[in-house]
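Here's the structure, in structure tokens; my notes come after.
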Amino acid sequence: AKESGKNCFLFFRQYMNEKVSEKLELENKLRKAIKNEEFIVYYQPQIDIGTMQVKGVEALVRWNHPIEGIIQPAKFIPVAEESGLIVEIDEFVMRTACKQLKSWIDSDIEPVTISVNLTSKEFQQANFVDLLKEIINDTGLRADFIEIEITESLVMKDIDVTLPVLKDLKSMGVRISLDDFGTGYSSLNYLKRLPIDTIKIDKSFIDEITEDSKEEAIAESIIALAHKMNLSVVAEGIETKKQLEFIKEQKCDKAQGYYFSKPLPVDEIERLLSVPSIY
Ligand code: C2E
Ligand code: CA
Ligand code: CA
Ligand code: CA
């Protein structure tokens, strides 16, 4: 038994070593990918439920690997975050998305807002607000066309650092959206202190609203609470007509999900934005 315990440990150590080198390998690949500009931005429409028109798009990064093809964020964002490389990737996404929106506005494509995802790494950078100002200056985009998406856990991680940054962004006119809402902790207590405009109800609640479930009650309460606080509500992960009907009944403001469209590369989202009211 002792012998097998020892073997077990050796296997475990070997396994951990492999995990560590896998991570280092991915980190090196990411570094190279940044240098070679292998990242691209996909866009997923957000639909205004009142008018059923596209009112915004969320920018979502993809890694366009020369051999492996399109790689989804779940495969590389965690390591990019841990290594800090996410800061460079997100700067690229932000620049690309802002430039894109400006060019849509200039070519009379229905104006939409652009939402970009940020991590706590950006908030730890002393000059993040300046960077965003610079991007706004370079692109000539109005700040209130930009929305940043942050999660509760990001905000709560170090509220003394994040809150002043959020207030700076807010005073520039940038909109702030609380992503994956309902999955974090302590949300309600802090909600009133945060300078946010929008909350996004997490997909996990939307998934379960087909039955008379607890999730349905939670989604209902979140929407009511948000409206009492004058916040706008986006439901994410809408996949069925039934889910859409439910959030419509609850007076949710916007919807996002495969029911309308998956995230699309720029030429495809442009086609979608050029057609008036397709839903
Ligand atoms: P998120 O911000 O919560 O984004 C929503 C995710 O749900 C996206 O996955 C989107 O494609 C997916 N989704 C949207 N509608 C549906 C639906 O109806 N059904 C299902 N099953 N999924 C749906 P994606 O693009 O793979 O991104 C995953 C996560 O990676 C994002 O979650 C976000 O946390 C992170 N991420 C993506 N792009 C960026 C980025 O540019 N910067 C940073 N920092 N994080 C990013
Ligand atoms: Ca998001
Ligand atoms: Ca989300
Ligand atoms: Ca998420």
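All values reported here derive from a predicted model rather than from experimental measurement.
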For this session: Quick one: do E220 and K251 satisfy salt bridge (Lys or Arg N to Asp or Glu O under 4.0 Å)? Show the steps, please.
Result: CA-CA 9 Å; E220 223 178 293; K251 304 264 186 310; over 6 Å; no
For this session: Decide salt bridge (Lys or Arg N to Asp or Glu O under 4.0 Å) for K203 and D180; before the verdict, give the C-alpha distance in whole Å, the side-chain angles of both, and the deciding distance to 0.1 Å.
Result: CA-CA 7 Å; K203 181 177 182 304; D180 302 345; over 6 Å; no
Exercise. Counting heavy atoms not belonging to K99, are there more than 12 under 6.0 Å from its NZ?
Worked result: no
Exercise. Salt-bridged, E27 to R31, with N to O below 4.0 Å?
Worked result: yes
Exercise. Is the gap between the ring centers of W104 and Y43 under 6.0 Å?
Worked result: yes
For this session: Hey, can you tell me if F76 and F39 have their rings parallel, tilted or perpendicular (30° and 60° cut-offs)?
Result: tilted
Exercise. How close do D197 and V174 get, heavy atom to heavy atom, and via which atoms?
Worked result: OD2-O, 4.3 Å
Problem set entry | Which atom of P45 lies closest to which atom of Q256, heavy atoms considered | O-CG, 3.5 Å
Exercise. Does any non-hydrogen side-chain atom of E270 lie less than 4.5 Å from one of I109?
Worked result: yes
For this session: Start with the C-alpha distance between K19 and E22, add both sets of side-chain angles, then the distance that settles salt bridge (Lys or Arg N to Asp or Glu O under 4.0 Å), and finish with yes or no.
Result: CA-CA 5 Å; K19 280 283 155 215; E22 256 171 44; 3.5 Å; yes
Exercise. Is a side-chain donor-acceptor pair under 3.5 Å present for S21 with E18?
Worked result: no
Exercise. Where do A255 and L244 come nearest, in terms of heavy atoms and distance?
Worked result: CB-CD1, 4.4 Å
For this session: Determine whether the side chains of S115 and E58 contain a donor N or O and an acceptor N or O closer than 3.5 Å.
Result: no
For this session: Could you please spell out the steps behind the salt bridge (Lys or Arg N to Asp or Glu O under 4.0 Å) verdict for K200 and E149?
Result: CA-CA 9 Å; K200 292 184 86 171; E149 294 196 0; 2.9 Å; yes
Problem set entry | Approximate separation, where rounding is to 0.5 Å, of D90 CG and E81 CD | 8.5 Å
Problem set entry | Close side-chain approach of E236 to D202, heavy-atom, < 4.5 Å | yes
Exercise. Any ion pair linking K32 and E38 (charged N to carboxylate O, less than 4.0 Å)?
Worked result: no
Exercise. Got a sec: does the CD of Q72 have more than 12 other heavy atoms crowding it under 6.0 Å?
Worked result: yes
